Amino acid sequence: MSKKLEVAIRAAKEAGEILKDEFGKSSTITLKKDGSFQTRADRFSEEKIISIIKASFPSHSICAEESGLSKKISNHLWLIDPLDGTTNFATRIPFFSVSIALVENKRVKLGVVYDPNKDEVFTAEFGKGAKLNESIIRVSATSKLSKSMIGYSRSSQAKERFIDVFQKVEKVA
């Protein structure tokens with residue numbers, strides 16, 4: 001496992017502990033310009049992730065959901081969603097995660113998704129496949145759409161795109 005992946009996993013797990021601690025507490029929920037929720041846990045989680053990444057890779061750039069893009073110019077860009085599933089979190093539904101990715105020279109090199117409630121760490125490294133808690137995972141071998149499961153985002157733009165793509169797929173299935 002690369003040092004970069006180790007750091008991403010550590011950052012995701014430490015941020016996940018913050019989310020678990022904050023979950024269910026009465027905290028201030030604000031609405032962002034796009035209408036999505038932001039909680040105190042979003043900010044605390046993001047601060048923790050950024051501090052861990054900066055300690056190991058001070059020359060890398062960071063683009064985080066709450067604080068935006070750092071102004072450093074680097075061939076390494078960390079993408080951070082400190083609380084993926086803020087709506088669930090804010091409404092006390094225990095399905096949320098921490099998501100971190102690293103882009104090097106405009107190519108995604110690794111990704112980590114941590115579900116603190118299940119203590120599940122999903123990882124992927126370019127050219128090395130994907131794992132769930134150190135066990136190799138793969139996409140389904142299912143080749144029939146009728147036997148497949150499909151999911152999509154709640155955002156209105158994503159829904160419209162999904163419906164368009166799904167209608168096209170249905171025609172050829």
Side-chain angles (χ1 to χ4, degrees), residues 5-53 62-70 77-103 108 110-125 129-140 142 145-167 169-170:
L5 183 58
E6 287 176 9
V7 168
I9 291 169
R10 182 166 57 89
K13 284 187 166 188
E14 289 190 29
E17 287 304 311
I18 291 169
L19 299 181
K20 279 174 51 174
D21 185 56
E22 290 289 318
F23 184 68
K25 290 183 178 177
S26 252
S27 69
T28 305
I29 300 169
T30 57
L31 283 177
K32 297 192 291 189
K33 289 179 185 177
D34 67 0
S36 62
F37 291 124
Q38 181 188 54
T39 66
R40 175 173 98 158
D42 284 280
R43 294 185 302 277
F44 291 167
S45 174
E46 183 170 293
E47 288 168 7
K48 175 57 78 175
I49 295 165
I50 290 172
S51 70
I52 291 170
I53 291 171
I62 294 174
C63 183
E65 183 175 19
E66 307 308 327
S67 58
L69 180 64
S70 67
L77 175 64
W78 291 89
L79 304 173
I80 301 167
D81 187 344
L83 174 47
D84 194 357
T86 303
T87 301
N88 284 350
F89 186 91
T91 55
R92 298 181 179 188
I93 299 170
F95 298 107
F96 52 86
S97 62
V98 176
S99 299
I100 302 172
L102 173 62
V103 176
V108 177
L110 65 85
V112 173
V113 175
Y114 178 57
D115 178 343
N117 291 309
K118 291 183 172 182
D119 194 30
E120 291 182 333
V121 181
F122 294 84
T123 61
E125 280 189 281
K131 294 182 178 180
L132 167 56
N133 293 340
E134 297 301 316
S135 296
I136 295 170
I137 57 176
R138 293 179 175 81
V139 296
S140 168
T142 301
L145 185 61
S146 63
K147 294 186 180 194
S148 299
M149 180 181 291
I150 299 172
Y152 65 95
S153 171
R154 285 183 0 98
S155 77
S156 59
Q157 287 177 325
K159 281 182 187 176
E160 290 172 19
R161 186 166 182 253
F162 173 80
I163 290 167
D164 181 52
V165 168
F166 188 76
Q167 287 173 339
V169 169
E170 277 289 300

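For the single chain, residues carry numbers from 1 onward in sequence order. These figures come from a predicted structure and were not determined experimentally.
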Margin query: In the structure I gave you, are the side-chain heavy atoms of V113 and D84 within less than 4.5 Å of one another anywhere?
Written below: no
Next item on the list: Calculate, to the nearest 0.5 Å, the distance between atoms CG and CD belonging to L83 and E46 respectively.
Entry: 10.5 Å
Item checked: Residue from R40, R43, R92 passing salt bridge (charged side-chain N to carboxylate O under 4.0 Å, His left out) with E22 -> R40
Next item on the list: Over all heavy atoms of both residues, which pair between A12 and V112 is shortest? Give the atoms and the distance, please.
Entry: CB-CG1, 3.9 Å
Check: Which atom names give the shortest non-hydrogen contact between V98 and P82, and what distance separates them?
Finding: CG2-O, 3.7 Å
Next item on the list: For P116 and S97, work out which heavy atoms get closest and say how close.
Entry: CD-CA, 4.2 Å
Item checked: Verdict with supporting geometry, N133 and E120, side chain to side chain contact (heavy atoms under 4.5 Å, CB included) -> CA-CA 6 Å; N133 293 340; E120 291 182 333; 4.1 Å; yes
Margin query: In the structure I gave you, are the side-chain heavy atoms of N117 and K20 within less than 4.5 Å of one another anywhere?
Written below: yes
Notebook entry, point to check: Among all residues two or more places apart in sequence or in another chain, which pass the salt bridge (charged side-chain N to carboxylate O under 4.0 Å, His left out) test with K48?
Noted result: E14
Checklist line | Separation of T86 OG1 from D81 CG (nearest 0.5 Å) | finding: 6.5 Å
Margin query: Tell me the closest heavy-atom pair linking A11 and I52, and the distance in Å.
Written below: CA-CD1, 3.6 Å
Notebook entry, point to check: Any side-chain heavy-atom pair from L77 and L69 closer than 4.5 angstrom?
Noted result: yes
Item checked: Pairwise distance CZ(F44) to OG1(T39) - rounded to 0.5 angstrom -> 9.5 Å
Margin query: Students often mix this up, so state it plainly: with edges at 30° and 60°, are the rings of F89 and F96 parallel, tilted or perpendicular?
Written below: perpendicular
Notebook entry, point to check: Can you name the nearest heavy-atom pair linking I49 to A15, along with the distance?
Noted result: CG1-CB, 3.6 Å
Check: Roughly how far, to the nearest 0.5 Å, is CG of D42 from CD of E47?
Finding: 11.0 Å
Next item on the list: Measure the spacing between OG of S67 and CD1 of I80 and express it to the nearest 0.5 Å.
Entry: 7.0 Å
Notebook entry, point to check: Any side-chain heavy-atom pair from T123 and L110 closer than 4.5 angstrom?
Noted result: no
Checklist line | Side-chain touch F23/I93, heavy atoms, less than 4.5 angstrom | finding: no
